[in-house]
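Heads up, the thing below is written out as C-alpha cells.
A, B, ... follow the sequence lines: proteins, then strands. Residue 1 opens every chain.
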Amino acid sequence: MSSSSDEDIPLSKMARKITSNKSSKLKLEDSSDSEDDRTPLQNSKPTPATSYSEDDDDNDDDDDGPLLKRKRKASSTKSDKKPKVKKVKTKSSSTTAVKKEKSKSATKVKKEEPKEEVSSQVKTEAEAEAEDEDDTYKWWEQQDLDGEIKWESLEHNGVVFPPEYEPLPSNVKLYYDGKPVTLPKEAEEVAGFFAAMLESDHAKNPVFQKNFFSDFLLVLEESGGCKDADIREFSKCDFTKMFQHFEKQREMKKLTTSADKKRLKKEKEEFEEPYKWCLLNGRKEQVGNFRIEPPGLFRGRGAHPKTGKFKRRVQPEDVTLNLSKDAKIPDPPPGHQWGEIRHDNNVAWLAMWRENIANSVKYVRFSQNSSLKGISDFKKFEKARELKKYIDPIRKDYKQKLKSDLMIDRQIATATYLIDVFALRAGGEKSEEEADTVGCCSLRFEHIFLKPPNTVIFDFLGKDSIRFYQEVEVDTQVFKNLRIFKKSPKKPGDDLFDRLDPSILNKFFQSYLTGLTAKVFRTYNASKTMQDQIDLIENEGTVNEKVVKFNAANRAVAILCNHQRTVSKSHETGVQKISDKIEEMMWQKIRFKRMILQLDSKQKKKNPEYFQECQDMSKEEEQMIIERFIANEKEKLIKRHERELEKFKIEKATIKKEDQKDTLQKLKDDHKERLAKHAEASKMYKSELRSRKYDIKPNVTVEKLQQQVEKLSTRIQNTALNLKDKEDNSSVALGTSKMNYIDPRLTVMFSKKFNVPIEKLFTKTLREKFAWAVESADENWRF
DNA sequence: GATCTCACTTAGAAAGATAACA
DNA sequence: TGTTATCTTTCTAAGTGAGATC
C-alpha cells in the first residue's frame, strides 16, 4: 500500500499502544507479505548476520560491513593535557532573537548596563528581586544570538567548599567483631557515610556494600589503620551505634525552634551570597551550583557496578577556575591554592573539578535563569520548530529506505522510525563500568520481542535504569526489518543495529537539516504532542479545571518520553482513604434519597432513574461502609481527646492550681459527651439499616434533601476526579517534560488563551528560567 | 574510522518548604 | 497548632553530541 491517503496519517499515530481493545488497528504501508514473512522466526533458515536474504527486497549488497563489534570497555582514566585557550571566533549571526508578538516594540536594543563590582557587598536576593524589572537584561530583545563565544568578560567569587569533617563524640564507635574500635578520622568519616544510610536500600545492596568496604579499607590503610582490631570483614562490622547517633542528631535538628532555624538559614544565606552571583559581560547574573559536591558514597542508579564507592573530598587544588584575564582571582581557602586558572570564553562554566568515581568532569555553571542558558534553550526549541518544515519529507524518505537493498540504510531508516515514533534516545555505547542501559542504537537482541503480524514488545532499561516497556503495533516493514535484524546467528547479547551508532545516525539527520540530531526529534515530538493536546482543550470551566486539563496534556508528553517516578510509599494508603471517602459519600447520598421516598413515596414514580442507585448498593456493602465509618469516627474522637490531654499537660503550669482539676474534668466530660453522641448515631445507622425507617426531623423537606443529594453528587464527582488524577500521576513525572521538552511558549500561550494565571502552570523557578517565553508569546502563539 | 575528551542537557531522588487537614 | 501530604527546589547522576586525537 502506498496510497497518498497514507501520507495524511501523522506518523506519531501510526504506531499505537495496544490496549485490551484492539479495534482500531491502522493499516499501514506495505504490502505483499511474502510467504517467508509468515514463517515463524524459529523456523527460518539461519543466515550470517552480515548478509541477509529474506525475500527479494530484503537482499543486501553487503558492501557495508558491520561496525567493529562494540566491546563494552573500561574508559581511560587520565588526561594530563594542558588547557588550551582557544582563539575567539566571532561569527556573523543568522539567528534572530525572539520577536515580540505583543504590541510593544520589540526591536529596541538595550544598552549595556554599567559594570558593577561583584563583591561580597552584592545586593541581597530580596533586593535584587525588588529591582526594577526593566533592569534585567532582556537578551531576547537582541537581534544577534549566534556568536560562538560565550562571554566577553566574566568575574566571580569562586566556589563554596563543604565544611570540614567533625569527628564523632568519643562514645560513638564502630563495632568490629563485637568490640568498639577507634578509627582515624578519615576512615571514621567514610564509615559514617555508610552508617548514616544504614536503613536505606543502598546499604542493603551487596555491590554497594562491597564497593564501600573496599574503599573504606583503603582509606583506613592510608590514614594509619586501626589499632584496636584487624578489620577485614564487612560482616563483622556493626554500624548501629553510629547510625543511632545520626538518628539522634536528626531528631535534635527537628526540635530546633523555628526562630533558630530561620536564624541559621539567614546566616548561611549571608555567607553564600557573594558566591551566588557573577558578572557576565558586566551584568549581574546568577550562578547555579556554586557549592562543591561534598564527599560521600557514590549512589549510582540501577545496577551500577561502582555504586557505594567513596567519593573523595574535593580540595581547592583540584579546582580550575574560569574567568576573565583581568578579573580578580578569588582568594582560595587559607593554606590552599587553586588548581588552575583559565580564561576560556568558549565555554559556559565558572569552575570545574574531576571526580574520582568515573574520572569525569564536574562543572560549576550559570543558573537556569541566566541569559546563556536562556539563549541555548531558545535555540533548542527553535531548532525543533525548524524540524516541522522537514519532518514530512524525512518521514517519506525513511519509509522508503525501510526497504532499501543496503543493510545500513535499512538500519538507519528503522532506527529513525523508532526515534521518531516512540521518542527513543540515540543510545550511545557504554563502558563495563556503568549500568547496563540502552537507547535506540544500543538496543540488543533481548530487548525486543516480535509478535506477528506486526506487534513489538520493547522491554529494556533506558537512561537512569528506568524501564521502557511497551507493547505496540508498528509499520509492517519495520516489523519485517526488526525480524531480519534479529535473525540467526544473532543471539542474546548482540546489537540489533549492528551497523549503527549515534554519530552515523546523526550524520544522516544532518543531511536534511544542519544541527538535526536524534535528540531534536524528542523535543519536536514532545512539543508537537503538547500543541495537539492543547488544541483539543475547550475553553470552559474553572481555572482549576483548566489546570487539570493542562496537566493531562502534559501527562501525554511525559508518557511519550517515558518520564517516570517511583510510586511514593504513601500512595496506596492515600488511594484507599479517598476510595473509602467516596463510598461513604455514596452511602450518605443513598440515605438522603431513601429519606425523600419516606417523606413522599410518589417521587419514585416521577423519576425512577433518580432512585435507581438505592437498589444498587447491597445491604452487606452498606453494613461494611457503616461499620467502617463508625470506627473511623470513633478513632477521630479518641485522637482528638488524646491531643487535648497532651495539650493540657503542657499548659498545666499556666493554669491556676485550683482550676486545673475542673479543666481536666471538663475535657473528660466533653469527650464522654461526644462519645455518647457518636454511640447514639451509630445505633441510629444500624437501626436504619435493619428497618429502612429514618428518623427525619420535622423541618427537613424533600427540597432540602434534594439539595443535599446534589451537593454530595458534586463532591463525589470531584473526589473521583482527584482519585483518577492521583492514580494516573502516581508513576508519571510531569516536571521533566515541562522543564526540558515542552516549548515554554506553549505554556504561556495556554495561560493567556485560557486565562489561567501563569503561576498555576510554572513555579517561580520555571517562570524565571522561561522569562523569555513569558514575555514573548501571546495567546495565538503556535509551536 | 575508532576512540577519547569535553561541554553541555536531561533525569529522578532527596531535601526542604508550603498547604491541607484534623 | 501540630501532623501529614503535596509541591518546589536542590543535588548530582546519566545521558547526548561535537570535535580532537590516535
Practice problem: Mind listing the residues from residues 509-519 of chain A sitting with a heavy atom below 4.0 Å of DNA chain C? Number order is fine. | Solution: A/Gln510, A/Thr517, A/Ala518, A/Lys519
Self-check item: With A/Lys726 via side chain to side chain contact (heavy atoms under 4.5 Å, CB included) - residues at least two apart
Solution: A/His571, A/Val575, A/Ile578
Practice problem: Give a yes-or-no answer on whether the side chains of A/Gln286 and A/Ser370 include a donor-acceptor pair shorter than 3.5 Å. | Solution: no
Quiz prompt | Partners passing side chain to side chain contact (heavy atoms under 4.5 Å, CB included) against A/Ser376 (at least two apart in sequence or in another chain) | solution = none
Self-check item: Listed once per pair and sorted, the salt bridge (charged side-chain N to carboxylate O under 4.0 Å, His left out) pairs that draw on residues 555-572 of chain A, sequence neighbours left out
Solution: A/Arg555-A/Asp725, A/Arg555-A/Asp728
Self-check item: Electrostatic pair A/Asp436:A/Lys430 at N-O distance under 4.0 angstrom
Solution: no
Exercise. Inspect the contact between A/Lys764 and A/Glu759 and indicate whether a charged nitrogen and a carboxylate oxygen are less than 4.0 angstrom apart.
Key: no
Quiz item: CD1 of A/Ile466 versus P of C/dA13: gap in Å, rounded?
Solution: 16 Å
Quiz item: What residues, two or more places apart in sequence or in another chain, satisfy side chain to side chain contact (heavy atoms under 4.5 Å, CB included) together with A/Arg313?
Solution: A/Pro162, A/Glu164, A/Tyr165, A/Glu189, A/Pro295, A/Gln315
Exercise. Could you list the residues that satisfy salt bridge (charged side-chain N to carboxylate O under 4.0 Å, His left out) with A/Arg674, not counting sequence neighbours?
Key: A/Glu644
Practice problem: Specify the separation, in whole Å, of atom NZ of A/Lys581 and atom P of B/dA20. | Solution: 13 Å
Practice problem: Verify the contact: side-chain N or O of A/Thr566 to OP1 or OP2 of B/dG12, cut-off strictly under 4.0 Å; return yes or no. | Solution: no
Exercise. Give every residue pair that meets the salt bridge (charged side-chain N to carboxylate O under 4.0 Å, His left out) criterion with at least one member in residues 515-529 of chain A, sequence neighbours excluded.
Key: A/Lys528-A/Asp532
Exercise. Rounded off to whole Å, could you give me the NE2-to-P distance for the A/His671 and B/dA22 pair?
Key: 18 Å
Self-check item: Nucleotide nearest A/Arg301 when distance is taken to its side chain, options C/dT16, C/dA13, C/dT9
Solution: C/dA13
Quiz item: Counting side-chain heavy atoms from C-beta on, which of C/dG17, C/dA5, C/dA13 comes nearest to A/Lys577?
Solution: C/dA5
Quiz item: Just by distance, with hydrogens left out, do A/Thr747 and A/Lys738 show a side-chain donor and acceptor under 3.5 Å apart?
Solution: no
Self-check item: side chain to side chain contact (heavy atoms under 4.5 Å, CB included) against A/Val361, all qualifying residues, sequence neighbours excluded
Solution: A/Met352, A/Arg354, A/Tyr363
Self-check item: Pairing of A/Lys268 and A/Glu270 as salt bridge, 4.0 angstrom limit
Solution: no
Quiz prompt | Short side-chain N/O contact from A/Lys569 to OP1 or OP2 of C/dA5, under 4.0 Å | solution = no
Quiz prompt | A/Ser568 side-chain N/O to C/dA5 phosphate OP1/OP2 under 4.0 Å | solution = no
Practice problem: Scan A/Tyr363 against the nucleic acid and name what it touches under 4.0 Å (heavy atoms): base, sugar-phosphate only, or nothing. | Solution: base
Quiz item: Do any side-chain nitrogens or oxygens of A/Ser376 fall under 4.0 Å of OP1 or OP2 in B/dT9?
Solution: yes
Quiz item: Roughly, in whole Å, what's the span from CZ in A/Arg342 to P in B/dC6?
Solution: 8 Å
Self-check item: side chain to side chain donor-acceptor pair (under 3.5 Å) partners for A/Thr736, two or more places apart
Solution: none
Practice problem: Look at all strands and tell whether A/Lys261 reaches a base, only sugar-phosphate, or nothing, counting heavy atoms closer than 4.0 Å. | Solution: nothing
Quiz item: Quick one: A/Met739 CE to C/dC7 P, roughly how many Å, whole number?
Solution: 17 Å
Quiz item: What's the CG-P distance between A/Leu560 and B/dA11, to the nearest Å?
Solution: 11 Å
Practice problem: Return yes if the base of B/dT10 and the side-chain atoms of A/Lys463 contain a donor-acceptor N/O pair under 3.5 Å, otherwise no. | Solution: yes
Quiz item: Counting any heavy atom closer than 4.0 Å, what does A/Arg565 reach on the DNA or RNA strands: base, sugar-phosphate only, or nothing?
Solution: sugar-phosphate
Quiz item: Think A/His563 has a side-chain N or O under 4.0 angstrom from the OP1 or OP2 of B/dT10?
Solution: no
Quiz item: Counting just side-chain N and O atoms, does A/Tyr741 come under 4.0 Å of either OP1 or OP2 of B/dA11?
Solution: yes
Practice problem: Assign each of A/Arg365 and A/Ser737 to its nearest nucleotide of DNA chain B by heavy atoms, then name whichever residue's nucleotide is nearer the 5' end. | Solution: A/Arg365
Quiz item: Between A/Gly302 and A/Leu766, which has a closest nucleotide on DNA chain C that is more 5'?
Solution: A/Leu766
Quiz prompt | Spacing between A/Glu433 atom CD and B/dT3 atom P, to the nearest angstrom | solution = 16 Å
Practice problem: Classify the nucleic acid contact of A/Lys769 as base, sugar-phosphate or nothing, counting any heavy atom under 4.0 Å across all strands shown. | Solution: nothing
Quiz item: Do any side-chain nitrogens or oxygens of A/Lys362 fall under 4.0 Å of OP1 or OP2 in B/dA7?
Solution: no
Quiz item: Is A/Lys306 touching bases, backbone alone, or none of the nucleic acid, heavy atoms closer than 4.0 Å?
Solution: nothing
Quiz item: Side-chain N or O of A/Thr765 less than 4.0 angstrom from OP1 or OP2 on C/dT9?
Solution: yes
Quiz item: Within less than 4.0 Å of OP1 or OP2 of C/dG15, is there a side-chain N or O belonging to A/Thr437?
Solution: yes
Exercise. Check whether any side-chain nitrogen or oxygen of A/Asn289 sits under 4.0 Å from OP1 or OP2 of C/dC11, and answer yes or no.
Key: no
Quiz item: Closest nucleotide of DNA chain B for A/Leu372 versus for A/Thr736: which of these residues is on the 5' side?
Solution: A/Leu372
Practice problem: For A/Phe762 and C/dT8, give me the distance from atom CZ to atom P, rounded to whole Å. | Solution: 12 Å
Quiz: residues 507-515 of chain A side-chain donor-acceptor pairs under 3.5 angstrom, not counting sequence neighbours:
from: A/Gln510; atom 1: OE1; to: A/Gly515; atom 2: N; distance (Å): 3.0
from: A/Gln510; atom 1: NE2; to: A/Leu516; atom 2: O; distance (Å): 3.4
from: A/Ser511; atom 1: OG; to: A/Phe508; atom 2: O; distance (Å): 2.5
from: A/Tyr512; atom 1: OH; to: A/Asp397; atom 2: OD2; distance (Å): 2.4

Quiz item: Which part of the nucleic acid does A/Gly300 contact within heavy-atom distance under 4.0 Å: base, sugar-phosphate only, or nothing?
Solution: sugar-phosphate
Quiz item: DNA chain B in dot-bracket, Watson-Crick or G-U pairs under 3.5 Å, [ ] crossing, | other strand?
Solution: ||||||||||||||||||||||
Self-check item: 4.5 Å side-chain heavy-atom contact, A/Lys362 and A/Glu293
Solution: yes
Between the protein and nucleotides 15-19 of chain B, which nitrogen or oxygen pairs are less than 3.5 angstrom apart?
from: B/dA17; atom 1: OP1; to: A/Lys265; atom 2: NZ; distance (Å): 3.4

Exercise. Check whether any side-chain nitrogen or oxygen of A/Lys507 sits under 4.0 Å from OP1 or OP2 of C/dA18, and answer yes or no.
Key: no
Quiz item: Do any side-chain nitrogens or oxygens of A/Lys430 fall under 4.0 Å of OP1 or OP2 in C/dG15?
Solution: yes
Quiz item: Just checking A/Arg250: base, sugar-phosphate only, or nothing, at a heavy-atom cut-off of under 4.0 Å?
Solution: nothing
Quiz item: Under 4.0 Å between a side-chain N or O of A/Arg291 and OP1 or OP2 of C/dC11?
Solution: yes
Quiz item: Hey, is the side chain of A/Arg425 poking within less than 4.0 Å of OP1 or OP2 on C/dG17, counting only N and O atoms?
Solution: no
